[in-house]
Amino acid sequence: MDAFVVDYEPAVRILAFAGVLAIMVIWEFLAPRRPRTLARLRRWPANLSIVVLNTFIVRLTFPAAALGVALAVEAQGWGLLHGIGMPAWVAILAGIVLLDLVIYLQHLLFHAVPVLWRLHRMHHADLDLDVTTGARFHPVEIVLSLLIKFATIAALGIPPAAVVLFEVLLNATSMFNHSNVRIAPVLEPVLRSLLVTPDMHRVHHSVERDETNSNFGFNLSLWDRLFGTYRAQPRAGHQAMTIGIPDFRDTAECSSLLSMLAIPFRRAPAPRRESR
Ligand SMILES: [Zn+2]
Ligand SMILES: [Zn+2]
């Protein structure tokens, strides 16, 4: 199994991306959670162009990618997990959970450090939330997170199969938990006890600052509960809540590729007032 995912990495990755995208698009059509504020055609061209652009940039800048780093680290026997003798499947599982914790901490960091927030706010400036938001990240944020991932793989000795499985999983869950889909009310809490659901991540995309600074997890819902950043529901409710960030409300600015890429470089908005 682990050799299979490493050998067929590109195919596994593309099939998972296309498969999950198709499933979520159909689900959004059949059972939408909230009415859209903008038509798909206003947002999708730019959101999908970002995916293509990011793929090109990452392939050009880091042809060996995270898998290459993991294979090199494994060959050298570097990192924490390689130092502890454990069955391969335990190391893969531990690697996936550790990467998920690092992604959670990295997300906190991108909200806490002003220069990193400038990059990350492009993701939050989407005026609606759906499956395409899950892949809408600024190229510089993508490159920075890749460097953080390389360092994590080297320091912790994450096995190559765990790296590929985690990347495929993160891609799939990110599309899932950004989707505008309705999940049966009896099922949602059960799912949420383990995984980040669309209702849980939607709170993070609220225009209210305290709600934006909650629910940072992408895969396991555990980290937010453990570190006290968990918020069950938005105050205004899922139907009435506003998606986005207060400083970026213009449709053209938030939904066209070039102005989206410029969002980090926009002049800093007026200083925040705590009383607001
Ligand atoms: Zn965020
Ligand atoms: Zn998000």
Side-chain angles (χ1 to χ4, degrees), residues 1-21 23-24 58 62 64-110 134-135 137 141-142 144-179 190-198 200-201 204 215-227 229-230:
M1 158 82 171
D2 54 328
F4 177 84
V5 293
V6 171
D7 290 348
Y8 294 97
E9 183 241 342
V12 168
R13 200 186 282 271
I14 291 166
L15 281 176
F17 172 75
V20 175
L21 180 66
I23 291 167
M24 297 322 299
V58 166
F62 305 103
L67 175 59
V69 175
L71 288 168
V73 165
E74 185 182 52
Q76 298 293 331
W78 289 337
L80 185 72
L81 292 180
H82 288 130
I84 311 169
M86 57 173 86
W89 72 269
V90 178
I92 291 171
L93 200 64
I96 290 173
V97 172
L98 285 170
L99 278 173
D100 196 44
L101 171 61
V102 171
I103 288 282
Y104 165 86
L105 295 172
Q106 178 193 312
H107 193 183
L108 268 178
L109 196 71
F110 271 80
F137 290 94
E141 174 170 359
I142 292 284
L144 281 180
S145 24
L146 207 54
L147 293 175
I148 293 173
K149 200 190 291 167
F150 290 172
T152 307
I153 292 167
L156 301 179
I158 311 281
V163 170
V164 178
L165 285 171
F166 180 75
E167 289 191 327
V168 170
L169 203 66
L170 182 68
N171 192 237
T173 52
S174 184
M175 286 193 285
F176 167 71
N177 62 39
H178 285 88
S179 288
V190 180
L191 205 57
R192 190 194 280 229
S193 62
L194 180 67
L195 296 172
V196 176
T197 60
M200 181 176 161
H201 192 69
H204 183 71
N215 298 1
F216 294 95
F218 273 104
N219 286 307
L220 298 173
S221 60
L222 166 78
W223 311 122
D224 283 297
R225 297 177 204 270
L226 200 63
F227 295 108
T229 51
Y230 177 69

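Keep in mind it's a predicted model, so treat the numbers as computed, not measured.
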Any donor-acceptor pair under 3.5 Å linking the side chain of [X] with the backbone of [Y]?
X: Ser174; Y: Gly134; value: yes
X: Asn177; Y: Phe218; value: yes
X: Asn171; Y: Ala16; value: no
X: Ser179; Y: Met175; value: yes

Check [X] against [Y] and note the closest heavy-atom contact, atom names and distance.
X: Gly95; Y: Pro159; answer: CA-CD, 4.5 Å
X: Glu167; Y: Ala66; answer: OE2-CB, 3.4 Å
X: Ala70; Y: Val163; answer: CB-CG2, 3.7 Å

- Message: Can you tell me how the ring of His178 sits relative to the ring of Phe137, calling it parallel under 30°, perpendicular over 60° and tilted otherwise?
- Response: perpendicular
Check whether any side-chain heavy atom of [X] sits under 4.5 Å from a side-chain heavy atom of [Y], and report yes or no.
X: Val196; Y: Asn219; answer: no
X: Phe216; Y: Phe227; answer: no
X: Met200; Y: Thr197; answer: yes
X: Val58; Y: Ile142; answer: yes
X: Tyr104; Y: Leu220; answer: no

Approximate separation, where rounding is to 0.5 Å, of [X] [atom1] and [Y] [atom2]:
X: Leu194; Y: Leu222; atom1: CG; atom2: CG; result: 9.0 Å
X: Thr229; Y: Trp223; atom1: OG1; atom2: CH2; result: 11.5 Å
X: Thr152; Y: Leu98; atom1: OG1; atom2: CG; result: 9.5 Å
X: Ser145; Y: Leu109; atom1: OG; atom2: CG; result: 11.0 Å
X: Lys149; Y: Ile103; atom1: NZ; atom2: CD1; result: 6.0 Å
X: Ile148; Y: Ile153; atom1: CD1; atom2: CD1; result: 12.0 Å

By ring-ring contact (aromatic ring centres under 6.0 Å, His included), Phe166 pairs with (sequence neighbours left out) none
Residues Tyr230 and Arg192: side-chain donor-acceptor under 3.5 angstrom = yes
Next on the checklist: Please tell me whether Asn215 and Asp224 have a donor and an acceptor in their side chains that are separated by less than 3.5 angstrom.
Outcome noted: no
All N/O donor-acceptor pairs, side-chain side in residues 73-83, below 3.5 Å, sequence neighbours left out:
{"from": "His82", "atom 1": "ND1", "to": "Trp78", "atom 2": "O", "distance (Å)": "2.7"}

Would Phe62 and Phe150 count as a ring pair (Phe, Tyr, Trp, His ring centres under 6.0 Å) if you check the C-alpha gap in whole Å, the side-chain angles of each, and the deciding distance to 0.1 Å? CA-CA 11 Å; Phe62 305 103; Phe150 290 172; 5.3 Å; yes
